[in-house]
A.B. asks: 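Just passing along the structure, written as structure tokens.
Protein chains get the first letters and strands the later ones, always in sequence-line order, with residue 1 at the start of each.
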Amino acid sequence: MALAKGEWHKLPLTLSELCLSSVLRCGQSFRWRASNPGEWTCALKGRILTLRQDDSHLHYRAIFPVAATAPRKDDTVELIRDYFNLDINLTKLYERWSAADTHFLKKAVRFVGIRMLRQDPWENLVSFICSSNNNISRISQMVDKLCTTFGPRLGEVDGHAYHDFPSPGELMGDGTEQSLRDLGFGYRAKYISTTARIVAQERLVGWLDGLRKVDYRDAHEALLELSGVGPKVADCVCLMSLDKAEAVPVDTHVWQIAQRDYGFGRGKHKSLTKATYEAIGDHFRKLWGQEAGWAHSVLFAADLKAFADVIIEEAKTEEVEKTTAKRTAARKVKTGNIREEPEEGGEGVKLDPASVDDDKKNGVEVGTVVERRVVRKAKRSLKLEVREGEDENVSLELEGATTLADRVKRRRRC
DNA sequence: ACGGGTCCTAGCGC
DNA sequence: AGCGCTAGGACCC
């Protein structure tokens, strides 16, 4: 099919309002491709959209299939404003969350511009049905196969074919489950085909999009009736496409964060039961306010292993803290005199008991911001020198290099 | 062997 | 007895 290659346009946008590479990689959407250095491309609502960013602007280019009918009006700028939720002032929200929560402040200084997308609900729903027991890399591959196999092909750019996301109707056929199994979806194949059938046949047209207009609790409850949709996936959809900024999806990562940094994991909330799940959401809503889900995604991104390069980058560019400071820190860790035990639900920094055990087993001091193997890998990818037997000092150097005065997270080999 | 859960069921307490 | 809640296992690659 012929393509109408569009021109580049731009709209003013600061980095504190949007950090494109973070937002497109932090596990909200799984379809954006790094099409060129600094460039991201995705098939979105009938066009192939490419984005890049500089200090002051977001640049965009849309490529449409040439339709037999009259040329459509190019609504790409409206699409972008909607998709990135650009009417929401993120900078102000960061200020509010930081004022309410010192732990948020500490994390957020290194992870600015992380905002919630306003995705298509159906794509969002199916993508997160895929997310169970899974990782971003494989989820992305699965979503890509789903689009390639079932979605309408828009065309080819730079030798790469782009397909739009398939509709419920395109996924409700009898062969869908088997096809998805053949594509490696595992037990999620049935969830997706069943959910597609429910949405296409047992719900009114526009039902899913219509959940944008009902309140959070009702939308959440409605989503739970679908197959493969539990509380966590329902919250992801509420937050990422149904305008429920207060929804806080609690997955294993957020559960870890809640235990490590917000005092959960003891007493009444020892394990992640339904009650604990709701208590965590309630705690964050009370702490951060109405847009708690937006705030949660900043901390979630800050903990993503894939974002370790942000920390590495800082290590490269900032001055490394002096050796004496390292030794002092290491000594403090060793004597254990910097341990803090916040009350449940209270704020403060606490050592994660699980990682303490692990690290002791491995003969490594407690508390780390990045796992050693992740650091090593990231260093390698940045062509930093990694000498044999030296890498265990990396995380210490990293911490020293950051402005973050988070002493608890330093570590050294015994 | 692990990874961004969901579903199902048995067992417990009230 | 019956319901609500929780823990544990299976599920695909």
Side-chain angles (χ1 to χ4, degrees), chain A residues 22-31 111 114 116-117 119 123-146 149 176-196 198 220-241 247-260 264-281 284 293 296-308 354-355 358 361-362 371 373-374 377:
Chain A
S22 293
V23 170
L24 299 184
R25 292 188 305 133
C26 72
Q28 295 186 52
S29 169
F30 302 94
R31 288 205 295 136
F111 294 92
I114 296 177
M116 201 50 59
L117 298 174
Q119 298 187 63
E123 171 182 345
N124 189 204
L125 171 63
V126 175
S127 300
F128 279 84
I129 288 175
C130 293
S131 74
S132 75
N133 253 319
N134 216 338
N135 53 66
I136 290 181
S137 168
R138 184 155 84 108
I139 299 165
S140 303
Q141 293 176 42
M142 285 164 65
V143 170
D144 187 54
K145 284 179 186 166
L146 188 79
T149 308
T176 299
E177 181 184 346
Q178 190 55 50
S179 301
L180 291 175
R181 281 200 175 267
D182 296 343
L183 290 170
F185 278 62
Y187 60 84
R188 305 168 195 83
K190 192 180 188 61
Y191 292 160
I192 291 170
S193 58
T194 302
T195 288
I198 293 173
H220 185 92
E221 194 180 359
L223 291 169
L224 292 181
E225 292 174 13
L226 302 171
S227 176
V229 180
K232 189 268 178 180
V233 170
D235 273 333
C236 285
V237 177
C238 281
L239 175 63
M240 300 176 184
S241 62
V248 179
V250 181
D251 59 21
T252 57
H253 288 310
V254 176
W255 173 228
Q256 297 302 318
I257 292 169
Q259 291 176 86
R260 188 191 62 205
F264 283 87
R266 293 171 285 136
K268 197 171 174 236
H269 300 301
K270 210 161 162 30
S271 65
L272 186 49
T273 63
K274 187 169 185 287
T276 303
Y277 186 104
E278 282 164 9
I280 293 172
F284 285 146
H296 125 285
S297 79
V298 176
L299 295 191
F300 180 90
D303 261 34
L304 264 185
K305 285 179 185 173
F307 282 19
S355 83
D358 270 347
K361 247 181 286 174
N362 298 330
E371 286 183 7
R373 68 174 190 284
V374 175
K377 187 176 170 190

A.B. asks: Return the value, rounded to whole Å, for the distance between atom NZ of A:Lys232 and atom C1' of B:dC7.
C.D. replies: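 Atom NZ in A:Lys232 sits about 16 Å away from atom C1' in B:dC7.
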A.B. asks: Just jot down the side-chain hydrogen bond (donor to acceptor under 3.5 Å, both in side chains) partners of A:Thr273, sequence neighbours excluded, or say none.
C.D. replies: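 Here the qualifying residues are A:Thr276.
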A.B. asks: Who are the side-chain hydrogen bond (donor to acceptor under 3.5 Å, both in side chains) partners of A:Gln28, not counting sequence neighbours?
C.D. replies: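 Counting only residues at least two positions away or on another chain, A:Gln28 forms no side-chain hydrogen bond (donor to acceptor under 3.5 Å, both in side chains).
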A.B. asks: Starting from C1' on C:dC11, measure out to NZ on A:Lys190 and report it in whole angstrom.
C.D. replies: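 It is 13 Å, rounded to the nearest whole Å.
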A.B. asks: What contact category does A:Ala189 fall into here, base, sugar-phosphate, or nothing, at under 4.0 angstrom with non-hydrogen atoms?
C.D. replies: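 Answer is nothing: A:Ala189 stays at 4.0 Å or more from every strand.
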A.B. asks: For A:Leu183, is there any backbone N or O sitting under 3.5 Å from a side-chain donor or acceptor partner on A:Lys145?
C.D. replies: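 Checked: pair present.
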A.B. asks: Tell me whether the OP1 or OP2 atom of C:dC11 has a side-chain N or O from A:Arg188 closer than 4.0 Å.
C.D. replies: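 A:Arg188 to C:dC11 OP1/OP2: no side-chain N or O under 4.0 Å.
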A.B. asks: Fit a plane to each ring of A:Tyr191 and A:Tyr187, take the angle between them on a 0 to 90° scale, and name the class: parallel (under 30°), tilted (30 to 60°) or perpendicular (over 60°).
C.D. replies: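 Aromatic pair A:Tyr191/A:Tyr187 classed perpendicular.
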A.B. asks: Protein-nucleotides 10-14 of chain B N/O pairs closer than 3.5 Å?
C.D. replies:
none

A.B. asks: Below 3.5 Å, can you tabulate the donor-acceptor pairs from side chains in residues 228-241 of chain A to any protein atom, sequence neighbours excluded?
C.D. replies:
residue, atom, partner, partner atom, Å
A:Asp235, OD1, A:Tyr216, OH, 2.5
A:Asp235, OD1, A:His220, ND1, 3.0
A:Asp235, OD2, A:Tyr277, OH, 2.7
A:Ser241, OG, A:Asn124, OD1, 2.9
A:Ser241, OG, A:Val237, O, 3.1

A.B. asks: What is the distance, rounded to the nearest whole Å, between atom CG of A:Leu272 and atom C1' of C:dG8?
C.D. replies: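 Rounding to the nearest Å, CG of A:Leu272 and C1' of C:dG8 are 15 Å apart.
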A.B. asks: In whole angstrom, give the distance that lies between atom OH of A:Tyr187 and atom P of C:dG9.
C.D. replies: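 About 17 Å, once rounded to whole Å.
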A.B. asks: Which listed nucleotide (C:dC11, C:dT6, C:dA7) is nearest to the side chain of A:Ser271?
C.D. replies: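 So the nucleotide nearest the side chain must be C:dA7.
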A.B. asks: Applying salt bridge (Lys or Arg N to Asp or Glu O under 4.0 Å), can you list everything that pairs with A:Lys274, at least two apart in sequence or on another chain?
C.D. replies: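 Applying salt bridge (Lys or Arg N to Asp or Glu O under 4.0 Å) to A:Lys274 gives A:Glu278.
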A.B. asks: With sequence neighbours excluded, what pairs up with A:Thr194 under the side chain to side chain contact (heavy atoms under 4.5 Å, CB included) test?
C.D. replies: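 Residues passing side chain to side chain contact (heavy atoms under 4.5 Å, CB included) with A:Thr194: A:Lys190, A:Arg197, A:Ile198, A:Ser227.
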A.B. asks: Apply ring pair (Phe, Tyr, Trp, His ring centres under 6.0 Å) to A:Phe284 and list each qualifying residue two or more places apart in sequence or on a separate chain.
C.D. replies: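 Scan of A:Phe284 (ring pair (Phe, Tyr, Trp, His ring centres under 6.0 Å), adjacent residues dropped) gives A:Tyr262, A:Trp288.
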A.B. asks: A:Ser193: which residues meet the side chain to side chain contact (heavy atoms under 4.5 Å, CB included) condition with it, sequence neighbours left out?
C.D. replies: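 Scan of A:Ser193 (side chain to side chain contact (heavy atoms under 4.5 Å, CB included), adjacent residues dropped) gives A:Thr176, A:Glu177.
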A.B. asks: Reading DNA chain B 5' to 3', what string of ( ), [ ], | and . shows its pairs, if Watson-Crick and G-U wobble pairs count only when both distances fall under 3.5 Å?
C.D. replies: ..|.||||||||||
A.B. asks: For A:Asn135, which residues count as a side chain to side chain contact (heavy atoms under 4.5 Å, CB included) partner, sequence neighbours excluded?
C.D. replies: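 Per chain and number, A:Asn135 pairs via side chain to side chain contact (heavy atoms under 4.5 Å, CB included) with A:Ser137, A:Arg138.
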A.B. asks: Would you kindly give the NE2-to-C1' distance between A:His220 and B:dG5, to the nearest whole Å?
C.D. replies: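 It is 13 Å, rounded to the nearest whole Å.
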A.B. asks: With a cut-off of less than 4.0 Å, is there a side-chain N or O of A:Thr273 near OP1 or OP2 of C:dT6?
C.D. replies: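 Affirmative; the distance criterion is met.
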A.B. asks: Please classify the nucleic acid contact of A:Gly27 as base, sugar-phosphate, or nothing, using heavy-atom distances under 4.0 Å.
C.D. replies: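 Counting heavy atoms under 4.0 Å across all strands, the contact made by A:Gly27 includes a base.
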A.B. asks: Atom CZ of A:Phe185 and atom C1' of B:dG3: how far apart are they, to the nearest Å?
C.D. replies: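 In whole Å, B:dG3 C1' and A:Phe185 CZ are 16 Å from each other.
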A.B. asks: Can you work out whether A:Cys236 or A:Val229 has the more 5'-proximal nearest nucleotide on DNA chain B?
C.D. replies: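 The residue whose closest nucleotide sits nearer the 5' end is A:Cys236.
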A.B. asks: Mind listing the residues from residues 124-140 of chain A sitting with a heavy atom below 4.0 Å of DNA chain C? Number order is fine.
C.D. replies: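 Those residues are A:Asn133, A:Arg138.
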A.B. asks: List the residues meeting side chain to side chain contact (heavy atoms under 4.5 Å, CB included) with A:Gln178, not counting sequence neighbours, and say none if there are none.
C.D. replies: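 Checked A:Gln178 against side chain to side chain contact (heavy atoms under 4.5 Å, CB included); matches are A:Arg181, A:Asp182.
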A.B. asks: For the pair made of CG in A:Leu146 and P in C:dC13, what is the distance, rounded to whole Å?
C.D. replies: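 Checked: the CG to P distance equals 16 Å.
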A.B. asks: Heavy atoms under 4.0 Å, any strand shown: does A:Pro231 hit a base, just sugar-phosphate, or nothing?
C.D. replies: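 Sugar-phosphate contact only - A:Pro231 comes under 4.0 Å of backbone atoms but never of a base.
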A.B. asks: Using the C1' atom as the reference point in each nucleotide, state the distance between B:dG4 and C:dT6 in Å, no decimals.
C.D. replies: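 Each nucleotide's C1' atom is 22 Å from the other's.
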A.B. asks: Would you say the ring centroid of A:Phe128 lies under 6.0 angstrom from that of A:Phe30?
C.D. replies: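 Yes, the ring centres sit under 6.0 Å apart.
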A.B. asks: Round to a whole Å and report the spacing from CG of A:Asp182 to C1' of C:dC12.
C.D. replies: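 Atom-to-atom, A:Asp182 to C:dC12, this comes out as 13 Å.
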A.B. asks: Scan A:Val254 against the nucleic acid and name what it touches under 4.0 Å (heavy atoms): base, sugar-phosphate only, or nothing.
C.D. replies: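 Counting heavy atoms under 4.0 Å across all strands, no contact is made by A:Val254.
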